[in-house]
Amino acid sequence: MKFLGEKGVRRVLAGIAFSAISALLLIALFIIKEGLPFIISYGPIKFLLSSDWQPQAGKFGIWPMIVASVWVTLGAMLVGAPLGVACAVFLTEFVPRRVMGVIKPTIELLAGIPSVVYGFMGVMVLAPLIRSQLGGPGLSVLAGAVILGVMILPTIISISIDSIQSVPNSYREGSLALGATHWQTTYMVTVPAAKSGIIAAIILGMGRAIGETMAVIMVAGNAVKIPISALDSVRTLTANIALEMGYATGQHRQALFATGVVLLVIIMILNSLAGMSIRKKAGKR
Amino acid sequence: MRMPPKYTQLAAQLVMGLATLATLAILVFIILFVLEKGLPVVGLKFLLSNPQDMGKAGGIFPVVVGTILLTLVAIAIATPLGVGTAIYLTEYTRESRITRVIRFGADCLAGIPSIIFGLFGFIFFVTILQMGWSILSGGLTLAFMILPTIIRTSEEAIKSVPDSFREVSFSLGATRWETVQKVVLPSALPGIVTGVMLGVGRSIGETAAVIFTAGSSLRMPTSLMDSARTMSVHFYILAREGISTENAYGTAAILVITILLINLTAYGLMNRFVAKNN
Amino acid sequence: MNRRYLIGMSLMTAVLMLAGCGQKREAVIMAGSTAFQPFAEKLADQFMVQNPGINVTVQGGGSAVGIQSALSRTAQIGMADLLQLPEEAKNLTATEVARDGIAIVVNPGNKVEGLTVQQVREIFNGVINNWKQVGGDDRPITVVSREAGSGTRTSFEQIVGDISLAREALIQDSNGTIRETVANDANAIGYLSHGLINEKIKPVKLDGVECTTEEVVCGKYLLVRPVFLLTQGQPEGAVKQVIDYMLSAEGQETIKNSGLIPVK
């Protein structure tokens, strides 16, 4: 790209960035344009807080789905985040590089296994286990949380590993030279230095968990009901959209796009919270 | 009560070791489960013959071709866009409110369910732009879908290149682009490749968005304007509609092997590139 | 680096240009109902053997996609299996090509053999929630239904009448998954297309009538719904040929052998 010159390169890159961002903006606007008018005309409070979802009768209340999405995602993070980060730290700091070189590609391989395969395994292996051991219909919050938690592991692990590895070795050497143990160095120097990457990994994982559709439809049972226990069957926001979109027309269809708007808002709130927690911690140090 | 550092280290190592073991065990179990159920039907004949009777019998050749084409289109569009954006945001702009807003937007879109991308693709590419159900519509939709992931991971990778590298390059008289090209990108490459591989994984594994945009035709695609069915969609339809569990697992096994091959190739290329640059 | 990029780009362009030409065969796209999709694929394959000049592609997506794509001309033929077509589809020409019985199914381990329409209604409304109330074992009932808007569910609810589905009901997104769920859960009850009954599940008699092709054809079995093909205006040319083939003796024979009910 030498013929472009420094200024030309800058312009090309700006163009690329601009088109990528406007493409993403286009999608966000598309969802909002299709969904927001419905929320306003139906009444935001009735839409968000009513728990009657009967599209055929013109009733569109998504409170049960909001609760379900929150529970399933939290459950998935509870399973995926600690396991994933611990795994990444252990693999980078306590395992020889050569072993790592085998394990990391294996884990990335798992990121490519389609969510429908995870979902199908949930139906064939996990749900019957829950049904026979713990009771209930088996297709439940618990099954959804475990399957999603496992599904996001590869994402969390591989991005965390990259960010931990990119911490310069001089940091570690400095700490070790001061007499810190290997674990103290990891805990007090390496992991904090890689924090922004680890949090990005967790956020990407969380985004995948909230946004996952097919696997959740397969294992969560999809009943429109506020869950009382982890063994209850639930329907998440994404499942609501995907289940009915193929058949929805008119107002029903708008209501599903409105569900998409709500999902977008929830993700924005979660991301802001995560962003705030990073900045707060950074401020303390 | 404080434990001596040595014991803390031991305890921490033990806990993390167990977590790692558990994680690996789960993941290995999944792979083995799929391979064990799927490999018995897999063979060259399964791979290279046409499906019969809606996939109940026969092989999955058109599906394999469809998957590869669709993923290639998605990656060919999303990688330059994503990496370019990440370079622009990290190297050519100062950290400001605008870059933060963009990053925030990308994070939010990463969590949007793929079905919404699918609907967007269906209305925008398939209907408005009249591309029909085609590999091109599907690939464009998937490219949009994986763009946030690629931007974010590339950005992280580029940001983690120490500033001292850049300073040395500048002090030798290199321009910004030369620095990016010769210093920053090579050291950020592993992270970028991880991002792209995650994108490949997501496009191969996607079902909902693909059904709406690339369709689910079981015929061999002859051009990018043809409809195609990917392996995930094929697996989904076979398993969920109860057409054939054996062939479903066979498809899943091939899927796992394909991803393995793609990953190995990417790693091989990357290692050669890194070796050449040192 | 940039040379390789240029080569890549020109290859892409070449492929795209190739994509433009080479399509001389007349193309008919069918899209919509996932329930009818497998049958449509089979019929399309047979049709193309006889008419090599016409290329028929079949896509899924659901009945709403069928209506939408027929309206926007993305597909020449939309497939919908709704008992009543929605307002938007009023301007499309609908041709009924098949009928489909809906069977009430339970787990093979369940000893209940038959239910009345009233019992079915109360089970799905959650009034009856234990199998012993309808002559089975003392076990809770797991109701499994389809998503709102599904052709099967809409038809089921309209024919049975007065259904407001129990909140606890599991929702599955296709006939196949209803079958899998009922096959895996000993307490489950669901309903699905009559063509998809197999040995993993057990259909029950409805008001004493078994769900078989014969009973559906002679009109004794209650739960039946139509499958429509939707076109803009009267079908012409290749589109007409495809629809005519499906309505021909051979097409209807295939429909019958696949487990659907012929209209002729």
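So you know, we letter chains A, B, ... as the sequences are listed, proteins then strands, and number each from 1. The structure presented is a predicted model; accordingly, all values stated were derived computationally and were not measured.
- Residues A:Ser19 and B:Leu81 form a side-chain contact, since some pair of their non-hydrogen atoms from C-beta on lies under 4.5 Å apart.
- With contacts defined as side-chain heavy-atom distances shorter than 4.5 Å, the pair B:Phe124/A:Ile27 does not qualify.
- Of the two parts of B:Ile123, only the side chain, counted from C-beta on, holds a non-hydrogen atom closer than 4.5 Å to a non-hydrogen atom of chain A.
- Residue A:Ile31 touches chain B through its side chain alone, counting heavy-atom pairs closer than 4.5 Å.
- No part of B:Val161 comes within reach of chain A, as not one of its non-hydrogen atoms sits under 4.5 angstrom from that chain.
- Annotation: the span from B:Gln13 atom CD to A:His182 atom NE2 amounts to 7.5 Å, rounded to 0.5 Å.
- The parts of B:Ser232 that come within reach of chain A are both its backbone and its side chain, each placing non-hydrogen atoms under 4.5 angstrom from that chain.
- Counting heavy atoms from C-beta on, the side chains of A:Pro114 and B:Thr207 never come closer than 4.5 Å.
- At a 4.5 Å heavy-atom cutoff, B:Val200 makes no contact with chain A through either its backbone or its side chain.
- Contacts of B:Phe120 with chain A are made by both backbone and side-chain atoms, with heavy-atom separations under 4.5 Å.
- Between chain A and the residues B:Thr20, B:Val34, B:Thr258, the largest count of heavy-atom pairs under 4.5 Å involves B:Thr20.
- Neither the backbone nor the side chain of A:Leu256 comes within less than 4.5 Å of any heavy atom in chain B.
- For chain B, the nearby part of A:Leu153 is the side chain; its heavy atoms alone come within less than 4.5 Å.
- Contact of B:Leu147 with chain A is made through the side chain alone, with heavy-atom distances under 4.5 Å.
- When each of B:Tyr236, B:Phe117, B:Phe212 is scored by its heavy-atom pairs under 4.5 Å with chain A, the top score falls to B:Tyr236.
- For the atom pair CD1 of B:Ile116 and CG of A:Leu263, the computed distance is 6.5 Å after rounding to the nearest 0.5 Å.
- Other residues, nucleotides and ligands contribute only 12 or fewer heavy atoms inside 6.0 Å of the CZ atom of A:Phe18.
- With a 4.5 Å cut-off on non-hydrogen atoms, A:Tyr187 does not touch chain B at all.
- With a threshold of 4.5 angstrom between heavy atoms, A:Met268 approaches chain B through its backbone and through its side chain.
- For A:Phe257, the part lying near chain B is the side chain, with the backbone staying farther off; criterion is any non-hydrogen pair under 4.5 Å.
- Atom CG of B:Leu119 is separated from atom CD1 of A:Ile241 by 8.5 Å, given to the nearest 0.5 angstrom.
- Separation of the B:Phe33 and A:Phe120 ring centroids does not fall under the 6.0 Å cut-off.
- A:Ile159 places none of its side-chain heavy atoms less than 4.5 Å from the side chain of B:Glu156.
- With a threshold of 4.5 angstrom between heavy atoms, B:Ile30 approaches chain A through its backbone and through its side chain.
- Contacts between A:Ile21 and chain B at a heavy-atom distance below 4.5 Å involve the side chain alone, from C-beta outward.
- Here the straight-line distance linking atom CD of A:Gln165 with atom OG1 of B:Thr194 works out to 9.0 Å at 0.5 Å rounding.
- Contact of A:Ser163 with chain B is not made at all, since no heavy-atom distance falls under 4.5 Å.
- Interface residue A:Val125: only side-chain heavy atoms are found under 4.5 Å from chain B.
- Contacts of A:Leu237 with chain B are absent, with no heavy-atom separation under 4.5 Å from either backbone or side chain.
- In this structure, CD on B:Gln9 lies 9.0 Å from CH2 on A:Trp183, to the nearest 0.5 angstrom.
- Contact count versus chain A (heavy atoms, under 4.5 Å) is highest, among B:Ile31, B:Leu89, B:Leu10, for B:Ile31.
- Summarising the geometry of A:Asp162 relative to B:Pro190, their closest heavy-atom pair is OD2-O, 4.5 Å, with the distance given to 0.1 Å.
- Heavy-atom pairs under 4.5 Å with chain A were tallied for B:Thr149, B:Leu27, B:Ile204, B:Ile211; the largest tally goes to B:Leu27.
- Applying the 6.0 Å contact sphere to OH of A:Tyr171 captures no more than 12 heavy atoms from other residues, nucleotides or ligands.
- Across all non-hydrogen atoms, the minimal contact from B:Gly84 to A:Leu13 is O-CD2, 3.7 Å.
- Using a 4.5 Å heavy-atom threshold, the side chains of B:Thr8 and A:Gln184 count as separate.
- For chain A, the option among B:Ala188, B:Ala78, B:Gly195, B:Ser160 with the highest count of heavy-atom pairs below 4.5 Å is B:Ser160.
- For B:Ile87, the part lying under 4.5 angstrom from a heavy atom of chain A is the side chain only.
- Contacts between B:Phe122 and chain A at a heavy-atom distance below 4.5 Å are absent for every atom of the residue.
- Of the atoms belonging to A:Met124, it is side-chain heavy atoms, and not backbone ones, that fall under 4.5 Å from chain B.
- Interatomic distance, A:Cys87 SG to B:Leu18 CG, rounded to the nearest 0.5 Å: 12.0 Å.
- For B:Arg176, the parts lying under 4.5 angstrom from a heavy atom of chain A are both the backbone and the side chain.
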